[in-house]
Amino acid sequence: MLPTIKETEKKVNLPKTEYILKRIKDLKHEGHPHRTLFAACPNSISVIQASLRAAKRNNAPIKFATTLNQVDNDKGYTGFSHDEFVRYVKHECERINFTGPVIVAIDHGGPWLKDKQSIEKWSLTEAMDGVKKSFEAAIKAGFDLIHVDPTVDIFLDKDENISIEVVVARTIELIKHIETFRKANNIAPISFEVGTEEVHGGLADEKTFDTFLRLLKDGLEKEDLSNIWPCFVVGKVGTDLHTATFDPEVAEDLTKKVEPYGSLIKGHYSDGVTNPEAYPLSGMGAANVGPEFTMSEYEALIELEMIELELYRNNRIAIKSNIKEILWDSVIQSNRWIKWLSGNERGTDFNELAMERQQWLISTGCRYIWQKPEVVIARYRLYENLKSNGYEAEEIVLSRIEKDMDKYFRSFNLIDLNMYL
């Protein structure tokens with residue numbers, strides 16, 4: 001019998017993420033194709049459940065990349081604290097008997113990357129202290145990886161980029177705090193991810209990217225943290241929230257830059273990417289996908305509402321859920337869509353936007369309002385209406401999300417990876 005991943009981790013003395021990456025590297029040397037880890041942003045209960053079901057069916061690891069807007073001490077928009085999130089994931093694993101590795105991570109952990117901090121204009125000290133408290137809670141809860149990302153400064157002028165020296169200094173400050181807290185509480189080592197794909201982070205050009213790596217290495221050594229190094233460095237590889245084309249040449253170049261340091265490139269905003277099979281061919285270490293699955297969930301619910309409407313017309317149900325109307329109203333009233341307006345759209349009323357943009361803002365913005373009471377009630381009514389007529393509504397929704405996840409497991413060469421862990 002193969003040892004469990006926990007048993008193997010103890011033998012090789014590596015955190016979970018780094019053990020999996022080491023096995024992928026070893027397998028490549030044995031003639032296997034390179035593999036890219038798939039990270040889902042758990043922006044709803046359905047996405048969490050679908051991720052674990054898809055991982056089980058594909059016999060592969062799954063990584064959850066949780067932002068501080070999603071999961072935090074204030075429970076975020078998913079309704080989970082860090083401890084509750086870990087407990088829920090463990091419960092779901094037991095419920096479906098999934099025994100493969102699950103990596104739980106913080107994504108974009110840095111000052112002002114939590115909307116509340118930027119909206120309320122927290123000071124640097126307040127924002128850094130808030131992030132440190134979030135990191136502490138995540139470490140105590142059993143998170144496996146933290147993405148340290150202090151690449152935003154809301155007090156800079158609009159056209160001013162944060163200096164790379166400041167990014168490095170704040171990155172080191174946060175890593176040092178994590179390590180001090182972890183050791184003081186006798187908690188096992190975790191893994192790290194650094195950098196950003198955003199232009200405002202200053203890592204978009206090659207020279208600055210190289211400077212960041214050099215200064216980070218020197219700075220960690222000066223703080224007696226030379227044993228700490230990120231397994232992932234986020235790279236700008238062609239994808240963002242409004243593009244879907246991955247640039248394999250850029251990815252290969254960045255991979256060569258971080259390889260001497262022992263890191264891999266991580267891609268963000270991989271939603272709906274048109275060439276996912278190019279990720280492993282380019283040596284990519286991992287990729288995040290998030291809003292795409294909110295769109296999958298939204299579209300599945302709209303599909304169910306069409307069935308419900310037909311049932312209503314035929315007098316087979318008494319009251320409609322009105323799920324689409326409630327979703328649109330909830331997203332618009334939340335004002336979270338304003339964050340995603342492009343420059344020329346700023347200040348525009350929602351109803352004045354092009355219908356295509358309205359559809360996109362609603363279908364991706366639903367992640368912010370899934371847990372609103374009125375939305376929960378509407379979904380419950382929709383499911384019950386369909387259930388009373390022989391439909392497995394929840395299964396239809398989960399299956400739709402899983403279908404959209406399967407292409408990543410397949411394209412990233414992850415199917416049956418658990419056999420080798």
Does atom NZ of K56 have more than 12 heavy-atom neighbours from other groups under 6.0 Å away?
-> yes
Does the distance from a Lys or Arg side-chain N to an Asp or Glu carboxylate O, for R95 and E92, drop under 4.0 Å?
-> yes
Within 6.0 Å of CD in E30, more than 12 heavy atoms from elsewhere | yes
In plain terms, say whether R400 and D404 are close enough for a salt bridge, that is, a side-chain N and a carboxylate O under 4.0 Å apart.
-> yes
Nearest heavy-atom contact between I190 and I178 is CD1-CG2, 3.8 Å
More than 12 heavy atoms of other residues, nucleotides or ligands under 6.0 Å from CD of E249: is that the case?
-> no
Parallel, tilted or perpendicular: which describes the rings of Y279 and F246, with under 30° parallel and over 60° perpendicular?
-> parallel
SG (C366) and NZ (K372) are apart, to the nearest 0.5 Å, by 12.5 Å
Please check if the side chain of R35 supplies one atom and the backbone of N413 the other of a donor-acceptor pair under 3.5 Å.
-> yes
Is R336 reaching over with its side chain to a backbone N or O of G365, donor-acceptor style, under 3.5 angstrom?
-> no
Are more than 12 heavy atoms from other residues, nucleotides or ligands located less than 6.0 Å from atom CG of D349?
-> yes
To the nearest 0.5 Å, tell me how far L398 CG sits from S296 OG.
-> 11.5 Å
Would you call the rings of F85 and F80 parallel, tilted or perpendicular if under 30° counts as parallel and over 60° as perpendicular?
-> perpendicular
Compare every heavy atom of V331 with every heavy atom of W337, then report the nearest pair and how far apart it is.
-> CD1-O, 3.3 Å
Under 3.5 Å donor-acceptor, N314 side chain and R316 backbone = no
Between F409 and P61 the two heavy atoms that sit nearest each other are CE2-O, 3.6 Å
Step-by-step side chain to side chain contact (heavy atoms under 4.5 Å, CB included) determination, I139 to I146 | CA-CA 9 Å; I139 294 166; I146 292 179; 4.0 Å; yes
Note: P101 and I20 closest approach over all heavy atoms is CB-CD1, 3.9 Å
Would you mind telling me which of E303, E402, E297, E299 makes a side chain to side chain contact (heavy atoms under 4.5 Å, CB included) with V397?
-> E297
Give a yes or no on whether the backbone of N385 and the side-chain of S388 come within a donor-acceptor separation of less than 3.5 Å.
-> yes
Just do the salt bridge (charged side-chain N to carboxylate O under 4.0 Å, His left out) check on D129 and K133 with the steps written out, would you?
-> CA-CA 6 Å; D129 286 348; K133 289 176 182 176; over 6 Å; no
Spacing of I362 atom CD1 and T294 atom OG1 [to the nearest 0.5 Å] = 12.5 Å
Salt bridge flag under 4.0 Å for residues R313 and E310 | yes
Should we say atom OH of Y380 is surrounded by more than 12 heavy atoms from elsewhere, each under 6.0 Å from it?
-> no
Quick check: are there more than 12 heavy atoms from other residues, nucleotides or ligands sitting under 6.0 Å from NZ of K257?
-> yes
Point-to-point distance, once rounded to the nearest 0.5 Å, from NZ of K320 to CZ of R381 = 11.5 Å
Side chain to side chain contact (heavy atoms under 4.5 Å, CB included) between T78 and I48: does it pass, once the steps are laid out?
-> CA-CA 11 Å; T78 64; I48 297 169; over 6 Å; no
At what distance, to the nearest 0.5 angstrom, does CZ of F143 lie from CD1 of I187?
-> 12.5 Å
Report the distance from atom SG of C231 to atom CG of L21, rounding to the nearest 0.5 Å.
-> 5.5 Å
Heavy-atom count around E384 CD within 6.0 Å, excluding the residue itself: above 12?
-> yes
Any donor-acceptor pair under 3.5 Å from H147 side chain to H108 backbone = yes
Would you say the side-chain atoms of T274 pair up with the backbone N or O of A244, donor to acceptor, closer than 3.5 Å?
-> yes
Heavy-atom pair of closest approach, residues I326 and A378 | CD1-CB, 3.6 Å
Between E345 and S342, is any side-chain donor less than 3.5 angstrom from a side-chain acceptor?
-> yes
Are L68 and L113 close enough, and set up right, to give a side chain to side chain contact (heavy atoms under 4.5 Å, CB included), and what steps lead you there?
-> CA-CA 8 Å; L68 297 181; L113 287 171; over 6 Å; no
Are D149 and T151 linked by a side-chain donor-acceptor pair shorter than 3.5 Å?
-> yes
Checking side chain to side chain contact (heavy atoms under 4.5 Å, CB included) against F209, which of D253, V258, I164 comes through?
-> V258
Check side chain to side chain donor-acceptor pair (under 3.5 Å) between T17 and all other residues, then give those that pass, not counting sequence neighbours.
-> none
Stacked cation flag R379 on W370, 6.0 angstrom / 45 deg | yes
Under 3.5 Å, is there a donor-acceptor pair linking the side chains of E292 and Y408?
-> yes
May I ask you to say whether D406 pairs ionically with R57, meaning some side-chain N is under 4.0 Å from a carboxylate O?
-> yes
N-O pairing of K132 and E173 below 4.0 Å | yes
Evaluate the criterion ring pair (Phe, Tyr, Trp, His ring centres under 6.0 Å) for residue pair F135 and F181; output intermediate values, then yes/no.
-> CA-CA 9 Å; F135 287 173; F181 179 83; over 10 Å; no
Any donor-acceptor N/O pair, N288 side chain to H268 backbone, under 3.5 Å = no
Residues K116, D72: salt bridge by 4.0 Å N-O rule | no
Does OH in Y312 sit with more than 12 non-hydrogen atoms of other residues, nucleotides or ligands closer than 6.0 Å?
-> no
Contact summary for L386 and A393, nearest pair of heavy atoms = CD1-CB, 3.9 Å
Are the side chain of S118 and the backbone N or O of D115 linked by a donor-acceptor pair below 3.5 Å?
-> yes
E305 side chain vs K324 backbone, donor-acceptor pair below 3.5 Å | yes
Checking H34 side chain against M284 main chain: does a donor-acceptor pair fall under 3.5 Å?
-> yes
